[in-house]
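Worksheet: the structure to be examined is printed underneath.
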Amino acid sequence: MEHPSFLIQVAVFLAAAAIAAPIAKLLKIGAVLGYLAAGVLIGPNGIGASYAIEVENILHFAEFGVVLLLFLIGLELRPQRLWTLRSAIFGLGGGQVFVTGFVLSGIAIAAGFNLTASLVIGFALSLSATAFVLQVLDEKKELPTRYGRLSFSVLLFQDLFAIPLLAITPFLGVAVALENSIDPLAIGKGILTIALVIFVGKYALDRMYRLVAATGVVEAMTASALLTVVSVSLLMEWAGLSQALGAFIAGALLADSPYRHQIQADIKPFEGLLLGLFFTAIGMSLNLSLFLANPWAVFGIVFALIFVKAAILYVLALIWGVDNASSRRFAIYLSQGGEFAFVIFALASTGGVITRDISQLLTLAVTLSMVTTPFFLLLDEVLFRRKGKADGGFDTMPEEKGHVIIAGFGRFGQIIARVLQGKRIPFTALDKSADQINFVKRFGNKIYYGDATRLAVLRAAKIHKAALLVIAIDDVEETIKLVELVKQNFPDLPLYVRARNRQHVYRLLDLGVKYISREMFLSALDMTKDVLIELGESHSTATRSITTFRDLDRKWLYKDYTDYTDIEKLQARARTAAKELEELFERDSQTPESEDQSKNEISVKEKLKKEKSAKKKKDYGLNSLTEHNSEKKEVLSAS
């Protein structure tokens with residue numbers, strides 16, 4: 001039969017994306033699983049059996065979706081933030097890869113494979129599905145959570161580790177190894193290519209986008225964004241390196257660009273469609289006849305892989321200090337095999353490290369392990385996460401002008417709202433927790449349901465007419481996301497932001513926020529003053545000590561900001577600040593006690609004077625009342 005026309009193939013893939021993903025999401029199994037199922041349905045094992053569709057070519061083209069995904073991730077991750085994640089990337093990520101790799105290699109040796117083949121199999125299976133996991137994390141809005149950030153850190157290390165693994169796999173076969181050797185020039189070319197990408201990304205890309213944006217041609221901006229990713233991918237491919245790694249580096253270097261949000265908006269639709277095509281192509285490539293011939297072998301590999309990886313991930317997360325529920329979620333997300341395994345097994349088969357049948361069997365097992373992940377996540381939610389989730393809409397909000405918007409209506413936001421309400425200052429409070437809204441409304445509070453990190457919700461709250469925005473959201477990442485959104489779309493709106501800690505303050509300062517309040521700072525100072533007074537210090541001495549500490553802490557807060565990503569410098573400065581505080585307190589303690597006593601005496605005299613004056617007023621009021629009653633009695637008796 002003739003090959004189907006290009007338009008027919010496009011129509012089939014678009015239909016799969018338009019139908020399968022929404023149905024899968026409706027069934028709460030995730031869009032990725034829907035794409036895989038659609039791939040099986042339209043592939044050579046389904047309705048596509050009558051067509052000679054070249055799945056390998058489609059899969060190769062669709063891999064560009066992974067490249068776009070890594071580029072967008074880089075846009076979200078500023079270099080300073082990447083540096084702060086170095087411990088999780090190389091500590092937890094490195095630990096996961098090497099522990100899992102050696103354990104799985106041991107199992108392969110026990111199964112009868114030689115050492116070389118076992119190491120390739122073990123470390124290939126230690127890698128998880130970057131595109132798959134990040135897509136599901138994004139769908140479930142769990143990427144900002146701690147286990148979501150740790151998952152990203154581990155996936156990033158896996159992608160970095162996959163580069164040398166992909167490079168050496170072809171050379172491990174005996175026949176190939178005798179004919180080839182590692183070329184030092186190729187290594188040098190790779191290093192120079194990465195350096196070139198970093199240089200161009202840092203000094204040229206932002207200027208290019210500035211010139212394109214000045215023209216006002218929207219499609220030119222979209223074309224420039226796609227050209228950036230394609231050019232970096234071609235350059236990395238020429239150097240024999242990972243296209244995804246190059247895209248990630250380019251995105252990270254543009255994370256500080258003022259055009260970041262526009263680039264993200266332009267790239268996102270292409271990334272979504274190509275990722276859908278990628279997972280559909282994986283579903284099409286499944287060798288179901290191999291599964292039917294060896295079902296128990298496939299199931300054995302799948303569940304051994306999932307169990308071993310999940311157990312190691314769970315234990316490592318607990319050691320890392322993650323709570324039980326988050327460790328379990330973290331382990332489930334990364335328990336499957338990854339897309340890099342497809343390439344590694346193909347290279348190992350070509351190089352004679354493993355046979356073609358073993359390569360196909362392992363590829364099938366990796367794909368089925370991806371299929372299990374959404375089901376295990378759903379099972380975890382049913383068994384351990386029974387809290388219902390509100391829908392994605394928002395309440396209708398009143399017409400306001402010159403009002404205050406409060407994003408986040410927890411304890412912090414409620415205090416601000418109570419004062420504004422008492423002053424009769426109009427405000428609109430937003431919170432995305434349906435439970436919180438129902439609770440506070442019972443006490444007569446005015447609050448509306450809506451996720452403030454969504455632009456549509458802010459516009460519904462009439463943010464363009466607001467006097468200012470108070471951000472009292474508890475989650476650090478959501479706070480940062482909201483500030484970036486407002487800075488991009490409403491740059492002149494004053495922002496008053498609650499910060500969790502000093503690191504949160506520094507990230508807000510990076511974004512240009514001027515008015516920041518640390519949530520516990522002032523209340524802790526008030527209690528400290530009461531503690532000092534209870535311990536015997538005079539009121540004036542305790543107040544002076546607190547003022548000294550407050551001013552010194554704020555001074556060091558802004559001084560530390562210049563190097564807040566350098567832990568060693570911060571530790572050294574903390575010791576210097578502690579010594580300076582001791583010296584200031586020592587100097588204050590040498591203040592003549594008579595000065596404090598004279599101040600106390602003056603305050604006591606003033607207090608007595610006020611009490612005496614108040615007593616006179618009270619007596620005058622009582623006398624006036626007595627005289628009035630006497631006159632009243634006389635009038636009554638006369639009548």
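Side-chain contact, T543 with S540: no donor N or O sits under 3.5 Å from an acceptor N or O. Checked by atom type, the side-chain pair T373/Q336 shows a donor-acceptor distance below 3.5 Å. Side-chain polar atoms of S327 and N324 form no donor-acceptor pair below 3.5 angstrom.
In this structure, the side chains of L469 and V404 stay at 4.5 Å or more apart for every pair of heavy atoms. At a threshold of 4.5 Å between non-hydrogen side-chain atoms, the residues Y147 and R329 count as touching. Residues Q488 and V486 are not in side-chain contact: their nearest non-hydrogen atoms beyond the backbone lie 4.5 Å or more apart. Counting only heavy atoms from C-beta outward, the side chains of V470 and L468 approach each other to under 4.5 Å. Within the 4.5 Å cutoff, side-chain heavy atoms of S151 are placed close to those of L137. The closest side-chain heavy-atom distance from S545 to L532 is below 4.5 Å. Looking only at side-chain heavy atoms (C-beta outward), S326 and D323 come within less than 4.5 Å of each other.
In this structure, CD on E537 lies 9.0 Å from CZ on R544, to the nearest 0.5 angstrom. Atom NE2 in H464 sits 8.5 Å away from atom CZ in R459 (nearest 0.5 Å). Atom-to-atom distance recorded for F90:CZ and L92:CG is 12.5 Å, nearest 0.5 angstrom. The CG atom of L495 sits 10.0 Å away from the CD1 atom of I516 when rounded to the nearest 0.5 Å. Here the CD1 atom belonging to I415 is positioned 11.0 Å from the CD1 atom belonging to I406, to the nearest 0.5 angstrom. For the atom pair NZ (K481) and CD1 (I473), the distance works out to 10.0 Å, reported to the nearest 0.5 Å.
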Go through the steps for T479 and D474 under the test side chain to side chain contact (heavy atoms under 4.5 Å, CB included), then give the verdict. CA-CA 8 Å; T479 299; D474 185 63; over 6 Å; no
When you look at I306 and F376, which way does the side chain to side chain contact (heavy atoms under 4.5 Å, CB included) test go after all the steps? CA-CA 10 Å; I306 293 171; F376 281 122; 4.2 Å; yes
Steps toward side chain to side chain contact (heavy atoms under 4.5 Å, CB included) verdict (S126, F98): CA-CA 8 Å; S126 72; F98 287 105; over 6 Å; no
List the steps, then state whether side chain to side chain contact (heavy atoms under 4.5 Å, CB included) holds for F427 with V419. CA-CA 11 Å; F427 68 89; V419 175; over 6 Å; no
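Taking a cutoff of 4.0 Å between a charged side-chain nitrogen and a carboxylate oxygen, E484 and R507 do not qualify as a salt bridge. One finds no salt bridge joining R500 and D475 here, because no Lys/Arg side-chain nitrogen approaches an Asp/Glu carboxylate oxygen to under 4.0 Å.
Taking both residues in full, the closest heavy atoms of A452 and L430 are given as CB-CD1, 4.2 Å, listed atom of the first, atom of the second, then distance. Taking both residues in full, the closest heavy atoms of A317 and F330 are given as CB-CD2, 3.6 Å, listed atom of the first, atom of the second, then distance. The shortest non-hydrogen separation linking L493 to A466 is CD1-O, 3.6 Å. The two residues L508 and A499 make their nearest non-hydrogen contact at CD1-CB, 4.1 Å. Closest non-hydrogen pair, A417 versus F409, comes out as CB-CE1, 3.4 Å. The two residues V133 and Y333 come nearest to each other via the heavy atoms CG2-O, 3.2 Å.
The backbone N or O of Q96 sits nowhere less than 3.5 Å from a side-chain atom of K309 that would complete a donor-acceptor pair. No donor-acceptor distance shorter than 3.5 angstrom exists from the side chain of H504 to the backbone of I480, with no hydrogens or angles considered. Side chain of S128 to main chain of L334: a donor-acceptor pair is present (N/O by atom type, distance under 3.5 Å, no hydrogens or angles). Side-chain N or O atoms of R498 include none that pairs as donor or acceptor with a backbone N or O of G413 at under 3.5 Å.
Checking each of V483, L485, N489 against K487 for a side-chain contact (heavy atoms from CB on, under 4.5 Å) leaves exactly one that passes, namely V483.
Annotation: Y496 is in aromatic contact with Y515 [ring centroid separation under 6.0 Å].
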